[in-house]
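Below is one structure, written out as structure tokens, with a few remarks after it.
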2 protein chains.
Amino acid sequence: MRDVANALGVSSMTVSRALRRDTSVAPDTRAAVLKAVAALGYVPDQTAGSLSSRRSRFVAALIPSLNNPHFSETAQALSTEFEARGLQLLLGYTNYDAVKEEALVTAMLRRKPEAIVLTNDGHTKATRAMLHRAKIPVFEMWDLPKKPIGRSVGFSNTQAMHDFVRALAEKGYRRIVFLGERDDEGTRGAARRAGYLAAIAELGLEPRLSNIIRPPATMSDGAAGLDLVLSEWPDSDLIICVSDPLAFGVIMACRSRAISVPETLAVAGFGDFEVARVSHPGITTVSIDAHAIGQRTAQAVLDALADRTSAREPRNLILPIQITMRESA
Amino acid sequence: MRDVANALGVSSMTVSRALRRDTSVAPDTRAAVLKAVAALGYVPDQTAGSLSSRRSRFVAALIPSLNNPHFSETAQALSTEFEARGLQLLLGYTNYDAVKEEALVTAMLRRKPEAIVLTNDGHTKATRAMLHRAKIPVFEMWDLPKKPIGRSVGFSNTQAMHDFVRALAEKGYRRIVFLGERDDEGTRGAARRAGYLAAIAELGLEPRLSNIIRPPATMSDGAAGLDLVLSEWPDSDLIICVSDPLAFGVIMACRSRAISVPETLAVAGFGDFEVARVSHPGITTVSIDAHAIGQRTAQAVLDALADRTSAREPRNLILPIQITMRESA
DNA sequence: GTATACAGTGTTATCGATAACAATATGAGG
DNA sequence: CCTCATATTGTTATCGATAACACTGTATAC
């Protein structure tokens with residue numbers, strides 16, 4: 001920066017101002033500075049700038065995994081929105097692990113992000129303490145947290161599954177199984193099961209819970225899941241699976257057992273993963289707008305940073321889900 | 001930091017040393033410092049540390065998109081490897097656009113990353129100039145660059161398709177069509193087409209090129225693609241599609257036209273996307289180990305940063321691809 | 001007993017920018 | 001022609017850590 005200043009015979013403060021276009025600098029001076037900057041190939045040091053101005057222009061976000069297309073889409077939306085405002089997204093992967101999350105939060109806070117976005121519910125005590133001390137806006141997205149730290153943007157797995165079951169019941173299904181995971185306390189799967197149970201109770205139907213071994217349920221658990229359901233409740237007319245990949249596995253198993261879907265047995269999933277679209281039959285499922293979650297969260301973060309957080313706005317923003325009826329149910 | 005130092009009656013330099021565990025500090029002193037740090041909830045300011053030590057502990061990586069599972073997997077591998085060494089990944093999305101890439105490189109370089117990883121081949125002049133001036137290790141991954149800037153880690157689309165065609169010819173296919181994109185100069189699709197043409201020439205077969213409208217080819221282009229192929233070369237026995245989604249679309253179109261795959265017409269894809277696995281029939285394709293690309297790139301970056309870049313190692317690391325034969329060809 | 005090495009800690013300068021305030025010039029108004 | 005507001009630029013201190021060197025005390029070698 002000094003080189004640029006010397007080349008023009010001005011002070012480095014003038015160069016700084018010209019580059020940040022936020023204070024009054026004569027148009028000619030600014031032009032000359034920009035020209036010299038380009039000529040010399042000067043790249044400002046944001047680290048020094050951040051230290052001095054106490055604005056890092058970072059926003060940290062922790063997501064469980066990038067390999068889940070839902071989260072990668074949310075991350076991309078966050079990144080795009082922030083970038084447009086000159087903020088850099090600092091991304092970390094918790095791998096659904098609260099201890100790893102704690103380590104990542106520690107690492108992130110050293111970078112002095114202006115806000116932080118979390119995805120998992122369920123944080124360690126230490127994580128909560130650190131976030132509290134950091135005195136920056138904290139956002140939780142995707143799941144609605146039971147004990148919110150700051151504001152949140154997401155949807156209710158319980159409510160979504162509740163609505164889904166009612167919509168399917170309206171199509172005539174009565175002997176409805178929920179095929180989920182065992183030992184899944186605190187996970188999304190458990191929240192979905194709760195929604196299923198609530199809806200079934202309201203409808204006066206018989207609750208039929210089948211659980212395969214361990215989260216996460218995958219395509220290859222489909223065969224075992226189907227066998228389990230058929231042995232417990234052979235007359236079922238619909239299996240609602242905790243997620244689309246499991247539903248796909250169940251449909252594959254139906255095919256090899258010559259059970260026609262949906263005529264003999266209907267199958268539904270959750271999440272609207274790609275597999276739900278390309279499956280034959282297409283899987284009836286619950287669609288979540290991952291991009292919207294990212295966008296709305298980013299908007300909330302930007303509002304908080306601009307201190308535009310109107311008191312009217314809810315602390316918990318609940319986004320609507322969409323039920324996508326395809327051929328499988 | 002001063003608070004911690006005062007609380008213990010030591011200098012802040014001692015606190016700094018104790019926290020970085022890289023210089024000699026008495027074990028008792030270190031323990032006391034760590035205890036005080038925990039008690040006070042002190043979070044070191046990495047920004048100040050970076051400015052002073054001139055080590056940002058950032059590595060920048062630009063990928064075309066997070067929504068492509070290949071790239072998100074690579075990104076996750078990079079992040080994991082770097083994190084284990086205390087480096088933070090700075091991620092950006094170019095959206096396959098060299099101009100956007102230039103803007104991102106500018107933004108990234110302000111953060112003084114210790115190395116930078118790029119994905120697209122084809123950079124603007126300004127991008128190259130900036131990277132050169134930055135005097136940090138530059139890596140290109142996925143595609144092997146025509147004009148490498150630094151080192152590279154990836155595979156050759158041309159070579160991969162060449163090998164793929166030969167492997168399929170060995171299975172007996174002779175009237176082989178390449179279904180790709182129009183106006184795709186410089187893209188991966190064009191490189192694959194070149195590999196197809198080379199293999200076909202070696203085999204003494206007739207080149208059959210069909211091109212649908214514009215990149216990127218998607219599932220929904222399958223029907224048009226199939227019609228195009230059938231009108232130009234009705235007797236074809238194999239269609240190699242530029243990517244798996246297109247291959248899936250072609251297979252779907254075959255189904256609705258009652259063409260049996262692979263008996264009447266075989267179909268192959270490229271990339272081993274999820275759709276290739278869940279399709280019925282499963283799609284014969286070329287598998288690329290996206291995770292390995294990330295891992296190997298990270299390793300190369302770490303080597304460069306540790307100055308362990310042995311002269312033996314090639315500047316361009318070419319990873320093997322794998323041909324995955326499924327039912328569709 | 002003295003010289004030397006080294007472990008452990010402190011002091012000072014500095015990283016490269018920006019904030020806050022100071023100084024100067026310019027033009028309007030009377 | 002003088003005063004004052006405003007536009008533009010400069011000066012100095014500072015952000016919070018680390019590098020480099022200085023210093024002290026203890027152990028070791030002879």
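As a basis for the values below, the full set of heavy atoms in this structure was taken, side chains included, without hydrogen atoms, waters or symmetry mates. Letters go in sequence order (proteins before strands), and every chain restarts at 1.
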Could you report the tightest heavy-atom contact between Glu73(A) and Asn67(B), atom names first, then the distance? CA-OD1, 3.4 Å

For residues Phe139(A) and Pro137(A), report the shortest heavy-atom separation together with the two atoms involved. CE1-CB, 3.6 Å

Validation row: Thr119(A), Thr94(A) side chains within 4.5 angstrom (heavy atoms): no

Run the salt-bridge test on Arg57(A) and Glu114(A) with the 4.0 Å N-O cut-off and return the result as yes or no. no

Quick test of your reading of the model: are Arg110(A) and Asp45(B) salt-bridged, counting only N-O distances below 4.0 Å? no

Spacing between Leu8(B) atom CG and dG8(C) atom C1', to the nearest angstrom: 15 Å

Starting at atom CG of Asp28(B), determine the distance to atom P of dG8(C), rounded to an integer number of angstrom. 10 Å

Using the test side-chain contact (heavy atoms from CB on, under 4.5 Å), find all partners of Pro148(B) that sit at least two apart in sequence or belong to another chain. Glu140(B), Pro145(B), Asn316(B)

Which residues pass the side-chain contact (heavy atoms from CB on, under 4.5 Å) test with Glu81(A), not counting sequence neighbours? Gln295(A), Ala298(A), Gln299(A)

Would you say Arg296(B) has more than 12 foreign heavy atoms packed within less than 6.0 Å of its CZ? no

Please check if atom CZ in Arg2(B) has more than 12 non-hydrogen atoms from other residues, nucleotides or ligands closer than 6.0 Å. no

Give a yes/no on whether any side-chain N or O of Arg20(A) is located under 4.0 angstrom from OP1 or OP2 of dA19(C). yes

Check nucleotides 7-10 of chain D against the protein and report each pair of N or O atoms closer than 3.5 Å, with its distance, or say if there are none.
unit_1  : atom_1 : unit_2   : atom_2 : d
dT9(D)  : OP1    : Thr29(A) : OG1    : 2.5
dT9(D)  : OP2    : Ala26(A) : N      : 2.9
dT9(D)  : OP2    : Thr29(A) : OG1    : 3.4
dG10(D) : OP2    : Ser11(A) : N      : 2.9
dG10(D) : OP2    : Ser11(A) : OG     : 3.1
dG10(D) : OP2    : Thr14(A) : OG1    : 2.6
dG10(D) : N7     : Arg17(A) : NH2    : 2.7
dG10(D) : O6     : Arg17(A) : NH1    : 3.3
dG10(D) : O6     : Arg17(A) : NH2    : 3.3

Pairs involving residues 50-74 of chain B, ordered by first then second residue, that meet ring-ring contact (aromatic ring centres under 6.0 Å, His included) (sequence neighbours left out): Phe58(A)-Phe58(B), His70(B)-Trp142(B), His70(B)-Phe273(B), Phe71(B)-Trp142(B)

Could you write out each protein N or O paired with an N or O of nucleotides 23-25 of chain C at a distance under 3.5 Å?
none

Might you list the N or O atoms of the protein lying below 3.5 Å from N or O atoms in nucleotides 14-16 of chain C, with each pair's distance?
unit_1  : atom_1 : unit_2   : atom_2 : d
dC15(C) : O2     : Ser52(B) : N      : 3.3
dG16(C) : N2     : Ala48(A) : O      : 3.2

